[in-house]
Amino acid sequence: MSTNKIIITLFYCAVLCSCSVAKQEEWFVTHNGNMPTEERIVQIKKGSSKDDVLRVLGAPSSIPSFDKNTWLYMSSDIKSVAFMEPKEVNRSILKISFNNKDEVAVITRLTKEDGKNISPSQERTEVKGQDPGFFRKYFGGVGQFNPFAGQANPNL
């Protein structure tokens with residue numbers, strides 16, 4: 001078989017493999033999180049205990065620090081191609097709130113459309129005592145350097 005035939009065959013194979021666009025879209029999407037399946041979620045009803053939720057859905061993705069009676073199950077799909085900025089394609093959040101008796105009180109489902117874009121503030125908060133000043137900044141290390149400190153212990 002000649003070299004030209006091999007090159008042409010490889011070229012046609014590459015063209016045919018690149019035709020499956022639907023599959024290519026999945027190549028660049030990564031799934032993050034531990035969202036339970038729909039069959040498991042429908043088993044949770046108002047009044048179910050925390051133990052029942054843990055047994056059916058598993059451990060939550062997150063429990064907010066200031067509200068131990070809220071469990072969050074989250075998942076998202078991120079599409080990232082080469083050097084382009086990653087883009088969130090899909091987001092799903094299941095929020096389960098418990099009452100004081102550790103029973104399910106409210107079940108809420110949120111999606112990407114329910115989220116809000118928050119831009120970080122560019123302002124800075126000055127912290128007193130953190131600015132070293134000119135002399136401490138440039139002369140504060142005088143006398144602090146000991147070149148022979150590590151030689152006393154041979155195991156270092």
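In this text the structure is predicted, and so the values were computed from the model without any measurement. Both backbone and side-chain heavy atoms feed into the values below; hydrogens, waters and symmetry mates do not.
- With side-chain heavy atoms closer than 4.5 Å counting as contact, directly or through intermediates, the hydrophobic cluster containing V104 also holds M35, I41, I44, V53, L54, V56, L57, I63, W71, Y73, L94, I96, F98, I107.
- A ring-ring contact (aromatic ring centres under 6.0 Å, His included) check over residues 34-55, counting only residues at least two apart or in different chains, returns nothing.
- The hydrophobic side chain of V106 is isolated, with no ILVMFWY side chain under 4.5 Å apart from it.
- With sequence neighbours excluded, no residue forms a salt bridge (charged side-chain N to carboxylate O under 4.0 Å, His left out) with K87.
- In terms of heavy atoms, K46 sits closest to A105 at CE-O, 2.9 Å.
- A donor-acceptor pair is defined here as one N or O able to donate and one able to accept, closer than 3.5 Å; no such pair exists between the side chain of D67 and the backbone of S97.
- Residues meeting the salt bridge (charged side-chain N to carboxylate O under 4.0 Å, His left out) test with E88, sequence neighbours left out: R91.
- Qualifying side-chain contact (heavy atoms from CB on, under 4.5 Å) partners for F134, counting only residues two or more places apart in sequence or in other chains: Y138, F139.
- By the salt bridge (charged side-chain N to carboxylate O under 4.0 Å, His left out) test, R109 is found to be paired with E38, residues two or more places apart in sequence or in another chain being considered.
- Applying the ring pair (Phe, Tyr, Trp, His ring centres under 6.0 Å) test to F83 and every residue at least two apart in sequence or in another chain returns nothing.
- Closest non-hydrogen pair, S65 versus K68, comes out as O-CE, 3.8 Å.
- Its side chain within the 4.5 Å cluster rule, L72 clusters with M74, I93, L110 among the Ile, Leu, Val, Met, Phe, Trp and Tyr residues.
- Legend: residues meeting side-chain contact (heavy atoms from CB on, under 4.5 Å) with T111, ordered by chain and number and at least two apart, are E113, D114.
- Counting only residues at least two apart or on different chains, the salt bridge (Lys or Arg N to Asp or Glu O under 4.0 Å) pairs with a member in residues 97-106 are K50-D102.
- Here the OG atom belonging to S80 is positioned 8.5 Å from the CD1 atom belonging to I78, to the nearest 0.5 angstrom.
- Among residue pairs with one or both ends in residues 106-132, none qualify as ring-ring contact (aromatic ring centres under 6.0 Å, His included); sequence neighbours excluded.
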